[in-house]
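In each ligand, atom 1 is the first atom listed, and ligand 1 is the first ligand listed.
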Amino acid sequence: MSDIAILEVDGKKYEFPIIRGTEGEVAIDIKKLRGSTEGIITIDPGYKNTGSCQSAITFLDGEKGILRYRGYGLEDLAENSNFLEVAYLVIFGELPTKEQFIKFDNTIKSNSLINEEMKNILDGFPKSAHPMGILSSLTSALTAFNPKSVDVNDEEQMYNAICKTMAKIPVLAAWALKKIKGRSLNYADNSMNYIENIMKMMFAIPTEKYKTNPIVANALDQLLILHVDHEQNCSTSTVRIVGSAHSGLFASISAGVSALWGPLHGGANQAVIEMLESIIKDGGDVEKYILKAKDKNDPFRLMGFGHRVYKNFDPRARIIKKAADELLENLGIDDPVLEIAKHLEEVALKDEYFVKRKLYPNVDFYSGIIYRALGIPTDMFTVMFAIGRLPGWIAQWREMRLNSEPIGRPRQLYIGENQRDFVPVSKR
Ligand code: CMC
């Protein structure tokens with residue numbers, strides 16, 4: 001197999017090295033394209049064909065529907081591991097030993113307090129604020145209380161910054177929920193594990209002793225594992241590009257939260273439930289909504305369907321669908337939204353429009369049903385996604401800094417006016 005790609009422009013030939021990934025993926029290395037030609041660049045809106053980095057964190061084959069973190073299959077991890085262990089794996093590259101796990105857990109626990117002055121910032125938000133806006137702002141505000149920049153080559157400083165981030169973001173996420181509910185704020189309880197604490201901080205009220213429901217904690221643990229990383233998606237690329245300017249971890253993650261908020265990305269889990277509820281309200285006519293989704297004059301899209309990289313079943317959707325079925329049965333919940341979702345999936349998967357375009361249910365199609373069953377309000381769904389994606393963002397930020405990647409700064413093809421002279425306002 002050739003190691004060189006040849007590009008011919010205006011009769012001149014240029015050679016570029018071909019590099020291969022550990023799973024046989026092939027990339028043409030165009031780092032020297034602009035410098036070795038007459039300033040030629042490539043154009044690739046949405047980066048559909050552009051690799052922005054070499055990464056050892058997540059392997060994803062969208063055609064075959066494969067997703068692995070650090071070489072471990074997602075199904076394997078969801079069945080046998082837990083969220084905090086997977087977080088360690090994704091961030092540091094290997095599953096932790098017992099001692100490493102205890103140290104990680106304890107260091108996170110010792111960092112879970114938030115400066116009380118942060119409450120003044122939270123107080124400034126109206127009750128109607130979206131929790132993703134609150135989370136993004138509070139994450140950014142953490143920089144004010146942690147102004148010292150971290151030396152990324154100092155292992156201990158990095159470790160502590162990572163544990164601090166893992167500790168504080170779920171507290172802020174829970175506070176965002178308490179704010180919109182008008183309830184008093186909670187802190188973590190160091191006798192509980194990471195997942196129990198997320199539930200406790202979100203749902204405990206001062207007048208009652210909080211008791212974890214193990215079915216609920218287990219379902220949330222699995223769901224968060226499925227969200228941990230997904231290579232260079234929109235929010236992760238945002239975190240990497242903001243971090244490439246040597247902005248700190250909190251600032252970079254705050255930008256990632258904002259990117260995740262969008263309905264084409266993490267915001268889809270909220271949009272799916274809203275869509276399913278409105279189909280029910282409208283009489284449950286699934287076929288009508290399939291027709292709307294196919295109509296190019298109608299902006300409506302089937303939320304929770306389609307994916308930039310999966311042209312096959314999203315492996316996360318398979319696990320989630322099964323988990324949703326089991327959870328609802330265990331909790332004895334009969335949710336009409338699940339029935340509509342299954343009907344919609346069945347119709348769409350047989351419809352030529354969806355088949356031809358390889359549009360399958362994605363991770364967000366069923367995750368909202370689980371969140372609903374766990375008692376999490378719809379506005380909070382994307383915040384839950386952010387908690388799940390946090391280790392992935394941290395891992396990618398760390399990798400990018402340790403690899404000394406250059407600042408992210410794409411080129412453009414200018415298509416505006418050529419040079420012209422200023423016209424005074426009296427002559428316009
Ligand atoms: N409903 C109807 N048609 C669709 C849908 C959909 N959900 N998704 C894609 N299409 C059509 C699209 O109109 C286009 O048709 P045509 O070729 O006739 O112009 C074709 O399929 C290709 O779509 P695209 O928009 O070029 O694909 P993309 O890779 O740019 O977009 C996507 C991917 C996820 C933004 C898109 O599928 C979408 O908007 N889905 C709904 C939102 C959603 O569920 N997002 C969550 C993604 S998974 C969670 C995450 O990782 O963030």
Side-chain angles (χ1 to χ4, degrees), residues 44-50 57-58 60-63 65-67 69 74 132 223-240 255-276 278-279 286-321 341 344-345 347-371 378 381-393 396:
D44 188 17
Y47 313 119
K48 291 192 178 193
N49 309 280
T50 298
I57 300 171
T58 289
L60 197 171
D61 182 330
E63 267 70 34
I66 296 173
L67 178 57
Y69 302 153
L74 189 64
M132 281 297 272
L223 198 50
L224 294 187
I225 289 175
L226 303 188
H227 285 88
V228 165
D229 196 51
H230 212 232
E231 48 127 280
Q232 305 311 315
N233 57 85
C234 179
S235 57
T236 301
S237 300
T238 302
V239 169
R240 279 185 93 121
V257 173
S258 297
L260 187 73
W261 190 359
L264 296 189
H265 191 12
N269 56 15
Q270 174 173 349
V272 169
I273 292 294
E274 286 165 355
M275 174 188 77
L276 295 171
S278 66
I279 296 177
V286 160
E287 280 75 9
K288 176 176 157 188
Y289 284 85
I290 295 279
L291 282 176
K292 268 168 77 67
K294 296 194 295 185
D295 181 357
K296 293 289 170 201
N297 296 316
D298 189 329
F300 176 79
R301 276 190 167 198
L302 207 56
M303 298 315 285
F305 258 78
H307 200 276
R308 170 59 60 82
V309 287
Y310 290 120
K311 303 302 166 198
N312 199 324
F313 243 94
D314 180 339
R316 301 168 300 174
R318 259 191 231 284
I319 302 175
I320 287 190
K321 185 180 178 185
L344 198 62
E345 178 188 330
V347 176
L349 288 181
K350 284 189 200 134
D351 190 288
E352 205 210 318
Y353 174 95
F354 291 89
V355 174
K356 212 174 108 196
R357 289 170 179 76
K358 300 191 172 145
L359 301 171
Y360 292 88
N362 58 50
V363 67
D364 290 322
F365 194 65
Y366 284 105
S367 62
I369 291 165
I370 299 189
Y371 290 136
T378 315
F381 290 1
T382 317
V383 172
M384 302 312 293
F385 192 155
I387 296 175
R389 185 54 53 89
L390 182 62
W393 288 333
Q396 301 269 355

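Of the listed options Lys292, Met275, Arg308, Arg308 places a heavy atom closest to atom 30 (O) of ligand 1. Taking only non-hydrogen atoms, the option from Arg389, His265, Lys294 nearest to atom 50 (C) of ligand 1 is His265.
At a heavy-atom cutoff of 4.0 Å, ligand 1 is contacted by the side chain of Leu359 but not by its backbone. Residue-level proximity to ligand 1 for Lys48 is carried by the side chain, the only part with a heavy atom below 4.0 angstrom. At a 4.0 Å heavy-atom cut-off, ligand 1 touches Arg357 through the side chain alone.
Here the protein heavy atom with the shortest distance to atom 42 (C) of ligand 1 is Met303 CE, 3.5 Å. With respect to atom 13 (O) of ligand 1, the closest heavy atom belonging to the protein is Lys296 NZ, 2.9 Å. Of the protein's heavy atoms, Phe305 O, 2.9 Å lies nearest to atom 40 (N) of ligand 1. Closest to atom 3 (N) of ligand 1, if we only count protein heavy atoms, is Tyr353 OH, 2.8 Å. Summary of contacts: the protein heavy atom closest to atom 48 (S) of ligand 1 is His307 CD2, 3.4 Å. Of all protein heavy atoms, the one lying nearest to atom 23 (O) of ligand 1 is Arg301 NH2, 4.2 Å. What sits closest to atom 44 (O) of ligand 1 on the protein, heavy atoms only, is Gly304 N, 2.8 Å. From the protein, the heavy atom lying nearest to atom 49 (C) of ligand 1 is Asp364 OD2, 3.1 Å.
Using a 4.0 Å threshold on non-hydrogen atoms, atom 20 (C) of ligand 1 counts as touching the protein.
For the pair Thr236 (side chain) and Gln232 (backbone), a donor-acceptor distance under 3.5 Å is absent. Not one N or O on the side chain of Asp364 forms a donor-acceptor pair closer than 3.5 Å with the backbone of Gly304. In this structure, Arg308 contributes its side chain and Gly46 its backbone to a donor-acceptor pair below 3.5 Å. In terms of modelled atom types and a separation under 3.5 Å, the side chain of Asn233 and the main chain of Glu231 share a donor-acceptor contact.
Between Phe300 and Tyr289, the two ring planes are perpendicular [angle over 60°; tilted spans 30° to 60°].
Listed by number with element, the atoms of ligand 1 under 4.0 Å from a non-hydrogen atom of Ala268 are 43 (C), 44 (O), 45 (N), 46 (C). For ligand 1, the atoms sitting less than 4.0 Å from at least one non-hydrogen atom of Leu264 are 39 (O), 45 (N), 46 (C), 47 (C), numbered in the order shown with element in parentheses. Those atoms of ligand 1 that come under 4.0 Å of a heavy atom in Ala293, given as number and element, are 2 (C).
Annotation: Phe305 is not in aromatic contact with Tyr360 [ring centroid separation under 6.0 Å not met]. When ring centroids are compared, His265 and His230 stay outside the 6.0 Å threshold.
Within the model, atoms CZ of Arg316 and CG of Asn362 stand 7.0 Å from one another, a figure rounded to the nearest 0.5 Å.
Geometrically, Arg357 engages Tyr353 in a cation-pi contact, judged by NZ or CZ lying under 6.0 Å from the ring centre and within 45° of the ring axis.
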Show, in sequence, the C-alpha distance, side-chain angles and deciding distance for Asn49 and Asp44, and conclude whether the side chain to side chain donor-acceptor pair (under 3.5 Å) test is met. CA-CA 7 Å; Asn49 309 280; Asp44 188 17; 3.1 Å; yes

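No side-chain N or O of Tyr310 forms a donor-acceptor pair with one of Glu63 less than 3.5 Å apart. A side-chain donor-acceptor contact under 3.5 Å links Asp229 and Gln396.
Checked against a 3.5 angstrom limit, the closest N/O atoms of Lys311 and ligand 1 fall outside it. Residue Leu302 has at least one nitrogen or oxygen atom sitting less than 3.5 Å from a nitrogen or oxygen atom of ligand 1, judged on distance alone. Between His230 and ligand 1, a contact under 3.5 Å exists for no N or O pair. Between Val363 and ligand 1, no N or O atom pair is found at a separation short of 3.5 Å. Below 3.5 Å of separation, one finds no N or O of Phe354 facing any N or O of ligand 1.
Enclosure of atom OH in Tyr47 is not indicated, since only 12 or fewer non-hydrogen atoms of other residues, nucleotides or ligands lie within 6.0 angstrom.
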